[in-house]
Student: 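Sharing a structure, written as structure tokens. Questions coming.
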Amino acid sequence: MNTIALPPLARLPEGLDGLVHGLQGRWRRRSASASALHREALACLAACEALRGCAADDLQARLEQAREGLRCDPQQARGQLMQSLALVGQMAWRSMGQQPYAVQFMGALAIHRGWLAEMATGEGKTLTVALAAVLAGWAGRACHVLTANDYLATRDAQEMSPLYQACGVTVDTVAGEHDPVARQRQYRADVVYLTAKELLGDHLRDLLALRSGKGPEQAALAHWLGQDAAAQGLTGGLQCRGLHTAIVDEADSLLIDEAVTPLILSSPRPNPGLSDGILWAHDLAMSLVEGRDFEIQLRNRAIELGAGARAAMQARAQQLAPAWRPAARREELLRNALSVRFFYRRGHQYLVHDDEVVLLDEFTGRMTPGRTLTAGLHQAIEAHEGLALTDPNESLGQMSFQSFFRRFRRLSGTTGTAREAAQELWRIYRLAVLPVPTHRPRLTQVQSIQVLDSLDRKWQAVLRDVQRVHAQGRPVLVGVRSVESSEKLAAMLRQQGLKPSVLNAEQHALEAQIVAGAGESGRITIATNMAGRGTDIGLSPVAKSLGGLHVVIAECNESGRVDRQFAGRCGRQGDPGSVSQWLSLEDALLRRYFSVSALRCVWVLERHLRWLGQPVVRLCLRIAQRRAEADAFSRRWAVLQNDSWMEGALPFEEASHG
């Protein structure tokens, strides 16, 4: 039996190396790179149009030459990269009736050469990714196109399948509850569309399958594969072609936002002592008083236990199982219970669906079934909601998304908002951001940030803004951060006789239908951030003539990228549109990062010296978002460092018979 260790990841540059590495990133992101790529894209467009009169047989012969060129020279196709990409563009026109724009050729070239192409909403990223994926498929190595969710993966693969078929490239999707044999077959395609969670999950399963010895890993693997998997011909790992090329769509979401939490493969393990301790801590937490028994650190979302809390724990310690009586362990239980009481809110961080706690993605508002919190925190939420406690999960293997994506030989992608995270993308992934210009000039009118002193007044102002634009016959899209806020605003609008459509985690099944109609004249749509990824809002002719879509950012997000991405829902392809943004001194974002007295000073300036107050408001918002982004980066960095430690201390070892 031979032991094979995973190849070690390259060490992250620090100190002087980190300084030089950062300068390399700035050089790669320089404007001259975009200018040179734009010139090459114009050459591709001209070559593509010149192929309009080419006979079908001649075109097929050229496709075979291009495929051979990419197979022998995956980077430059033997000096024929421009002509090869032009051929793919021509096949897009002939197979789907879609003529790529120059900016789409530019984006495809950027992806092929390892950049992260920043393309505005509505600029055709789906076709851009497909153009680059065909080149990767011709190279003969595994190419994975990663999207935000299963719906987008299936939709994009189906929409682009005529192009892949015309170019002789096989395409498939890995999504849902497909059996392992089917998944292995799907991974054999030249280009595979799927989510990062599916890909990393199957990668971890393959690692578990290769580990030697017996234990819970093998039992879990047998459950995943099924008893008759071998009889059906399942040999080797699920990802039979391995990992080589990853093209990440909506890359800022997958590489930055999703990277806060590592993916953990686990199986339930009964722990009666923990369940009793969770209920004990819940009852105790509800009896304690803030300021007397404990203190809350709002910015760090931490609980500082005081003498009152410790005395109450000591008095009830005999009610706990012996394993949970030590001070450190019972304090952990109580901190979890208090964290759930003050930091976890139904409709914000989770929902109760079919008598189960389902976590919500903080950045998209989508439900994440199957994901659970660790260290008893998930069971603490169940106790808070009065639900039956589930068994805690025992970890079988885990890996952060940062570590996983750094294992690819070729990593690239596209997104609408990346420049705010350009330094982190380069530092962690060596992925440089390249801005791609829009096909047509954007005509969006962005209004000044409006500031109110209280949440109630802000929601009333948002209501008046929606009513004003709705009276003009224009469609309105309101962005909020939580299910609770979306339902609250919808109730206010209904009281005024309006009929809004609500898109949040509870209506996720209707997402495509709601977004498709959001551009109709007079339509009001309230949405969490889940409406901002992968789907275009097309305007009806009437709506376009009246001024286009009006986007209302009713709750600023902790990342400026998310606000900018949501604002990009209007003004696509030169359409008219407008954006208004509302802020309250009682918003959680400002209260978390500024003192009440500082916010009051801002309010006085904004009301009495507006010429000075507006810049100060924008500065405060930017500072708050920068601080929130810094906190998020610290969490991501801790996850990555933990991965590095685990790899050094407890490396995966794979066994192969030889």
Side-chain angles (χ1 to χ4, degrees), residues 34 38 98 100-104 106-107 117-128 148 249-250 252-253 414-420 433-450 462 465-466 468-480 501 503 514-557 559-582 618 621:
H38 190 255
Q98 297 186 27
Y101 305 129
V103 295
Q104 290 174 308
M106 181 179 175
E118 184 180 71
M119 300 179 67
T121 301
E123 293 296 311
K125 290 192 287 290
T126 302
L127 178 57
T128 299
D249 195 10
E250 304 297 353
D252 64 320
S253 175
T414 181
T415 186
T417 49
R419 62 175 177 263
E420 292 90 344
V433 176
L434 186 136
V436 177
T438 57
H439 178 56
R440 296 187 178 94
R442 295 188 72 87
L443 305 176
T444 305
Q445 298 178 355
V446 181
Q447 303 170 9
S448 299
I449 299 175
Q450 302 297 312
V462 169
D465 189 26
V466 173
R468 176 183 60 82
V469 179
H470 176 73
Q472 300 171 5
R474 295 171 57 191
V476 181
L477 174 65
V478 186
V480 296
S501 299
L503 175 55
I514 293 174
V515 173
E520 297 292 330
S521 176
R523 186 67 60 91
I524 300 175
T525 307
I526 303 171
T528 57
N529 295 323
M530 64 190 297
R533 293 291 182 184
T535 49
D536 290 336
I537 297 178
L539 294 179
S540 66
V542 175
K544 187 179 297 186
S545 67
L546 293 172
L549 179 67
H550 179 61
V551 172
V552 181
I553 300 176
E555 291 183 302
C556 295
N557 289 273
S559 172
R561 285 183 298 103
V562 181
D563 288 341
R564 189 159 67 89
Q565 201 279 337
F566 202 90
R569 304 307 297 156
C570 67
R572 61 183 295 274
Q573 289 291 332
D575 287 342
S578 58
V579 179
S580 65
Q581 191 168 359
W582 299 86
R618 288 194 295 270
L621 176 59

Student: Are Thr438 and Val103 packed together at the side-chain level, in the sense that at least one heavy-atom pair is separated by less than 4.5 angstrom?
Tutor: no
Student: State the CG-SG distance between Leu621 and Cys556, to the nearest 0.5 angstrom.
Tutor: 4.5 Å
Student: Does some side-chain heavy atom of Pro475 sit less than 4.5 Å from a side-chain heavy atom of Thr525?
Tutor: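 The answer is no, as the side chains (C-beta and beyond) never meet within the 4.5 Å cut-off.
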Student: Hey, is the main chain of His439 close enough, under 3.5 Å, to the side chain of Glu123 for a donor-acceptor pair?
Tutor: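 A pair under 3.5 Å: yes.
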Student: Does the side chain of Leu127 come within less than 4.5 Å of Pro100's, by heavy atoms?
Tutor: yes
Student: Where is the tightest heavy-atom contact between Ala543 and Gly519, given as atom of each residue plus distance?
Tutor: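 Shortest heavy-atom separation between Ala543 and Gly519 comes out as CB-O, 3.3 Å.
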Student: Kindly indicate whether the side chain of Arg474, heavy atoms from C-beta on, has any atom under 4.5 Å from the side chain of Ser578.
Tutor: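 SC-SC contact between Arg474 and Ser578 confirmed.
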Student: How close do Gly107 and Val436 get, counting heavy atoms only, and between which atoms?
Tutor: CA-CG2, 4.3 Å
Student: Going by heavy atoms in the side chains, are Val433 and Glu118 under 4.5 Å from each other?
Tutor: yes
Student: Once you round to the nearest 0.5 Å, how far does OG1 of Thr128 lie from CG of Asp249?
Tutor: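 The CG atom of Asp249 is 9.5 Å from OG1 of Thr128, to the nearest 0.5 Å.
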Student: What distance separates Thr417 OG1 from Phe566 CZ, expressed to the nearest 0.5 Å?
Tutor: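 The CZ atom of Phe566 is 13.0 Å from OG1 of Thr417, to the nearest 0.5 Å.
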Student: Nearest 0.5 Å, what's the CE-CE distance between Met106 and Met119?
Tutor: 9.0 Å
Student: Supply the atom-to-atom distance His470 NE2 to His550 NE2, rounded to the nearest 0.5 angstrom.
Tutor: 13.0 Å
Student: Nearest 0.5 Å, please: how far is CZ in Arg572 from CD1 in Ile537?
Tutor: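 Going from CD1 on Ile537 over to CZ on Arg572, the span is 9.5 Å.
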Student: When you measure from the side chain of Arg564 to the backbone N and O of Ser559, does any donor-acceptor pair fall under 3.5 Å?
Tutor: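 No: the side chain of Arg564 does not pair with the backbone of Ser559.
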Student: Return yes when atom CD of Gln447 has more than 12 non-hydrogen atoms of other residues, nucleotides or ligands closer than 6.0 Å, and no otherwise.
Tutor: yes
Student: If we only count heavy atoms from C-beta on, is the Gln450 to Ser448 side-chain gap below 4.5 Å?
Tutor: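 Gln450 vs Ser448: side chains touch.
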